[in-house]
Amino acid sequence: QKEVEQNSGPLSVPEGAIASLNCTYSDRGSQSFFWYRQYSGKSPELIMFIYSNGDKEDGRFTAQLNKASQYVSLLIRDSQPSDSATYLCAVNRAYSSASKIIFGSGTRLSIRP
Amino acid sequence: DTAVSQTPKYLVTQMGNDKSIKCEQNLGHDTMYWYKQDSKKFLKIMFSYNNKELIINETVPNRFSPKSPDKAHLNLHINSLELGDSAVYFCASSQGGREMNTEAFFGQGTRLTVV
């Protein structure tokens, strides 16, 4: 079982609709959770982080965390063509004196006009 | 100013050669990482250093040898390159420690092609 699992997609969503991205993780010791966006040929960039159960909203983005179910999601409201990218879920586990950030394989999102 | 910079951006080399990738961060972070991203976009952790000390080695072949001369630098040397080493290699840094919100900041990536 992979430590962080995502549906690889592609996920196709019409412009203006809500895109829903899901992620599960295997280690209950995971402390914090991140969503990164990666455009083709570019490096990943952080768009949201969450570490408490519940929802966290930032503009058009909402991250949801359920530690009991080991589940993290990202909702993108009013999807725009510029949201077309690969979305990477990541978890941060305490490891020795440092932290270990593990990524899922990413979900490719395509927003169709 | 670039927060995490790695060089070179592109590297094309023949099988069997030895090559190095350099990484520097000016964020004052304690932890630095090397990740490998394959053609399917899977970003796999290879190594993690905390204050120049190797913390994580994810069963990477010993042809890969990271070196951290100080906490702002983490270089990656690869011996006897193989076709399967072709990928994009990302350097990243984070504040590290056991704090929760230790997001990783990424360099621009090095696209390695072994021919």
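All figures in this text were calculated on a predicted structure; none of them were measured in a lab. In what follows, every chain begins at residue 1, and chains take the letters A, B, ... in the order their sequences are listed.
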Report summary line: The reported gap from CD in E45(A) to CZ in F105(B) (rounded to nearest 0.5 angstrom) is 11.5 Å

Query raised in the report: Is the number of heavy atoms from other residues, nucleotides or ligands within 6.0 Å of NZ (K22(B)) greater than 12?
Result: no

Query raised in the report: For the hydrophobic clusters of this structure (ILVMFWY residues joined by side-chain heavy atoms under 4.5 Å, transitively), does one cluster hold both L43(B) and L74(A)?
Result: yes

Query raised in the report: What's the shortest heavy-atom distance between Y35(B) and I101(A), and which atoms?
Result: OH-O, 2.6 Å

Query raised in the report: With the 4.5 Å side-chain cut-off for hydrophobic clustering, are Y10(B) and L76(B) part of the same group?
Result: no

Query - Joint cluster assignment, V13(A) & L21(A), ILVMFWY side-chain distance < 4.5 Å - result: yes

Report summary line: Value for CD1 (I45(B)) from CD (E3(A)), rounded to nearest 0.5 Å, stands at 9.5 Å

Query - Heavy-atom closest contact (Q38(A) atom, F90(B) atom, distance) - result: NE2-CZ, 3.7 Å

Query - Joint cluster assignment, I56(B) & M46(B), ILVMFWY side-chain distance < 4.5 Å - result: no

Report summary line: To the nearest 0.5 Å, atom CD of E103(B) lies from atom OH of Y36(A) at 5.5 Å

Report summary line: On a heavy-atom basis, the closest approach of K41(B) and L88(A) is O-CD2, 4.2 Å

Query raised in the report: What are the residues of residues 106-115 of chain B, in order of number, with any heavy atom under 4.5 angstrom from a heavy atom of chain A?
Result: F106(B), G107(B), Q108(B)

